[in-house]
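Worksheet: the structure to be examined is printed underneath.
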Amino acid sequence: MKVVSKISELKNQIAEWKGEKYSIGFCPTMGSLHAGHLDLVETSKKETDKTIVSIFVNPTQFNDPKDFAQYPVKTDDDLLLCESKGVDLVFLPEVKTMYPETKTPISLSIPELQKNLCGRTRPGHFEGVLQIVAKLFHLTEPNKAFFGLKDYQQFRVISAMVENLNFPLEVIGVPTRREVDGLAMSSRNVRLTEKERETASLIPRMFALAKKTILSGERDLKLWKEILRDFLLTGPSVRIDYLEVVDPIELQSKEKLDGEILLAIAVFVGDVRLIDNQIIQIPN
Ligand code: PAF
C-alpha cells in the first residue's frame, strides 16, 4: 500500500493506473476509521480495480471550532486498517497542501438541498464539504466514489454537485453500519462516556418506535414528531438539534405522512452531536 501526502506523488500514481486502464474507486474520509468506512473500502474493491482512501480532517466544513479541535485523529491505526483491507493508496495531505493561501476562496453550494437538516443547523458545513470533495475528485480522478448513507444529506448534495457540474464519475451510497444495539457507527462515538453511550441507544430505539407507530396507523405528522421527540428527551443530557421529515430526493419538508419519507435527526448527547436517518415507506 502506498501512502502519499504530496499532490505530485498522487498524480504520478493515478497517471500510471490510468495508463494501464485500471478503474479507480475513491473513499474520502476524515480518518478515525471504523467498520462503516471499511464497508466503503470493501464495496470499492468489489466495484473497481484500484482503491484510494483519503484521510483529511477538513477544517472548512466545521462550523464549530471546538468540534474541529476535538475531532479524533488515529492515523497510525487508520493506516494499519487500510493495509489490512487491501487499500492500494492512502492520500494523507496536510492542510497547507489542500488549502494553499488564496485571496479568492471559492464557495460551492446547492441551496435547495441545504435548506433543511444539517444544512440549516450547521451553516457553512456543506460549502466546506463540497469544496474539499470537488478538490479531491479532481486530484484522484475516480470512476466511482463511495459515501456512507449515515450522512444522507451529504450523499445527496455531493450527488447533485456531480450531476450539475458533469464530474465524470458515479457516486455510490453505502448502507449505514450499526453497533449491536443499532447505534450508527461514527468516529464521534468514541467521545461518548459510558453513560452517554447508553443514552445514545435511544436513537435506534426511536427509529423502531417511528416504524411501529406508522404500522399501527399513526398519520398525524405533527403528533408523530412530538411522540418521537418526547421519547428521545427521556434520556439525560439529550438535546435535539433537529428531528425532520423530508422527501428523500429533494430534501424538502413533508406536509403529510405519505409516500417515501426520510426521517432524519441530529441529537446532542452531552456535547457529542450524533446524526442518523431512515427512509420509511408509508403504507396507503
Ligand atoms: O464524510 C466525511 O467524512 C467528510 O465529510 C468527507 C466526505 C470526507 C469530506 O471531508
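Note that ligands are numbered from 1 as they come in the structure, with each ligand's atoms numbered from 1 the same way. Everything numeric here is computed off the predicted structure, so don't read it as measured data.
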Part of Thr29 within contact of ligand 1 (heavy atoms, under 4.0 Å): backbone

Only heavy atoms of Pro28, strictly under 4.0 Å: list the atoms of ligand 1 that pass.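 The atoms of ligand 1 under 4.0 Å from a heavy atom of Pro28 are 8 (C).
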
In ligand 1, the atoms that come under 4.0 Å of a heavy atom of Ile132 are 9 (C), 10 (O)

Identify, for atom 10 (O) of ligand 1, the protein heavy atom at the shortest distance, and state residue, atom and that distance.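 Checked against all protein heavy atoms, atom 10 (O) of ligand 1 sits closest to Gln61 OE1, 2.6 Å.
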
Does one side chain, of [X] or [Y], offer a donor that lies under 3.5 Å from an acceptor on the other?
X: Thr60; Y: Gln131; answer: yes
X: Lys211; Y: Gln278; answer: yes
X: Ser32; Y: Ser187; answer: no

Going by heavy-atom distance to atom 2 (C) of ligand 1, choose the closest among Gln154, Lys135, His125.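 Minimum heavy-atom distance to atom 2 (C) of ligand 1 goes to Gln154.
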
Can you tell which of Met30, Lys150, Gln131 gets a heavy atom nearest to atom 3 (O) of ligand 1?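 Considering heavy atoms of Met30, Lys150, Gln131, the nearest to atom 3 (O) of ligand 1 sits in Met30.
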
Please state whether the rings of Phe167 and Phe137 are parallel, tilted or perpendicular, taking 30° and 60° as the class boundaries.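 Perpendicular: the ring planes of Phe167 and Phe137 meet at over 60°.
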
Is the number of heavy atoms from other residues, nucleotides or ligands under 6.0 Å of Lys18 NZ greater than 12?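 Check passes, neighbour count above 12.
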
